[in-house]
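Heads up, the thing below is written out as structure tokens.
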Amino acid sequence: MNICVFLSAADLDERYTRPAREFAELIGKAGHTLVWGGSDSGLMKVVADGVQEAGGRLLGVSVEFLANKARPGADEMIIAADLAERKKLLLEKADAVVIMVGGTGTLDEATEILELKKHGRTAKPVVLLNTAGFYDGLREQFRRMEAEGFLPRPLAELVFFADEPAGALAYLEEQLAGR
């Protein structure tokens, strides 16, 4: 399975890096491929290291203005012209999406895949990995959107919230087992 992971390239505290490393090792040990932004820094590096060391493949999609930060030694590295093309390629290459901790870029990527799902433009499973309660506020906002009629589909059809890495991967494998 090709698992696209949207996440930060920032250097972060262990409360974020430990679960990210755990999730990466689960991906690699299961023989899956990490599809990610291609960066060799911060949390992106932590995840790429964990997947590669556990035997998984790395498929990176960087962007021209960040190509100098692209990970050497990835199994495949694509350089997109801009951020819009990068998102498009990341989603095309993925069978499933996991949203991990991140900033505005991660939030942009997350809302794009959820908007595609909302409109029936993709059926790929999406997991929001809520490490250390990072997305508690966003989950509450999504629940309010659903309760007040802003979502034409049930929230549970758009995204699965997982608090632990093992739960995130188990959900994805279960969702894709029947396909």
Looking at [atom1] of [X] and [atom2] of [Y], how far apart are the two atoms once the value is rounded to the nearest 0.5 Å?
X: Met1; Y: Gln175; atom1: CE; atom2: CD; answer: 10.5 Å
X: Leu7; Y: Leu43; atom1: CG; atom2: CG; answer: 4.5 Å
X: Thr131; Y: Glu22; atom1: OG1; atom2: CD; answer: 9.0 Å
X: Lys124; Y: Leu172; atom1: NZ; atom2: CG; answer: 12.5 Å

Between the main-chain N or O of Lys88 and the side-chain N or O of Glu112, is there a donor-acceptor pair closer than 3.5 Å?
-> no
Test item: Lys69 side-chain N/O and Ser41 main-chain N/O as donor-acceptor pair under 3.5 Å = no
How far apart are the closest heavy atoms of [X] and [Y], and which atoms are they?
X: Ser39; Y: Ala9; answer: OG-CB, 4.0 Å
X: Asp11; Y: Gly42; answer: OD1-CA, 3.3 Å
X: Leu176; Y: Ala96; answer: CD1-CB, 4.0 Å
X: Thr17; Y: Val46; answer: O-CG1, 3.9 Å
X: Val61; Y: Leu89; answer: CG1-CB, 3.9 Å

Taking salt bridge (charged side-chain N to carboxylate O under 4.0 Å, His left out) as the definition, give me every residue that meets it alongside [X], ordered by chain and number, with sequence neighbours left out.
X: Lys29; answer: none
X: Arg86; answer: none
X: Asp49; answer: Lys45, Arg71
X: Arg57; answer: none

Would a 4.5 Å heavy-atom cut-off, applied to side chains only, mark [X] and [Y] as touching?
X: Leu34; Y: Ile3; answer: no
X: Leu59; Y: Ile78; answer: yes
X: Asp108; Y: Lys87; answer: yes
X: Asp40; Y: Pro72; answer: yes
X: Leu91; Y: Phe6; answer: yes
X: Thr122; Y: Ile113; answer: yes
X: Trp36; Y: Val47; answer: no

Listed once per pair and sorted, the side-chain hydrogen bond (donor to acceptor under 3.5 Å, both in side chains) pairs that draw on residues 72-83, sequence neighbours left out | none
Check side chain to side chain contact (heavy atoms under 4.5 Å, CB included) between [X] and all other residues, then give those that pass, not counting sequence neighbours.
X: Ser62; value: Leu66, Ala70, Met77, Ile79
X: Asn2; value: Thr33, Val35, Asp95
X: Ala110; value: Ile99
X: Leu26; value: Pro165, Ala166, Leu169

For residues 83-123, which residue pairs qualify under ring-ring contact (aromatic ring centres under 6.0 Å, His included), counting only residues two or more places apart or in two chains?
-> none
Partner set under side chain to side chain donor-acceptor pair (under 3.5 Å) for Thr111, not counting sequence neighbours | none
Go through the steps to decide whether Glu53 and Arg21 satisfy the test salt bridge (Lys or Arg N to Asp or Glu O under 4.0 Å), and finish with yes or no.
-> CA-CA 11 Å; Glu53 289 167 14; Arg21 176 80 182 189; 2.4 Å; yes
All N/O donor-acceptor pairs, side-chain side in residues 133-161, below 3.5 Å, sequence neighbours left out:
{"residue": "Tyr135", "atom": "OH", "partner": "Met100", "partner atom": "O", "Å": "2.8"}
{"residue": "Asp136", "atom": "OD1", "partner": "Asn130", "partner atom": "ND2", "Å": "2.7"}
{"residue": "Arg144", "atom": "NE", "partner": "Glu148", "partner atom": "OE2", "Å": "2.8"}
{"residue": "Glu146", "atom": "OE2", "partner": "Leu155", "partner atom": "N", "Å": "2.8"}
{"residue": "Arg153", "atom": "NE", "partner": "Glu157", "partner atom": "OE1", "Å": "3.1"}
{"residue": "Arg153", "atom": "NH1", "partner": "Lys117", "partner atom": "O", "Å": "2.2"}
{"residue": "Arg153", "atom": "NH2", "partner": "Glu157", "partner atom": "OE1", "Å": "3.4"}

Is Leu107 reachable from Val97 through a run of I, L, V, M, F, W or Y residues, each pair having side-chain heavy atoms under 4.5 Å apart?
-> yes
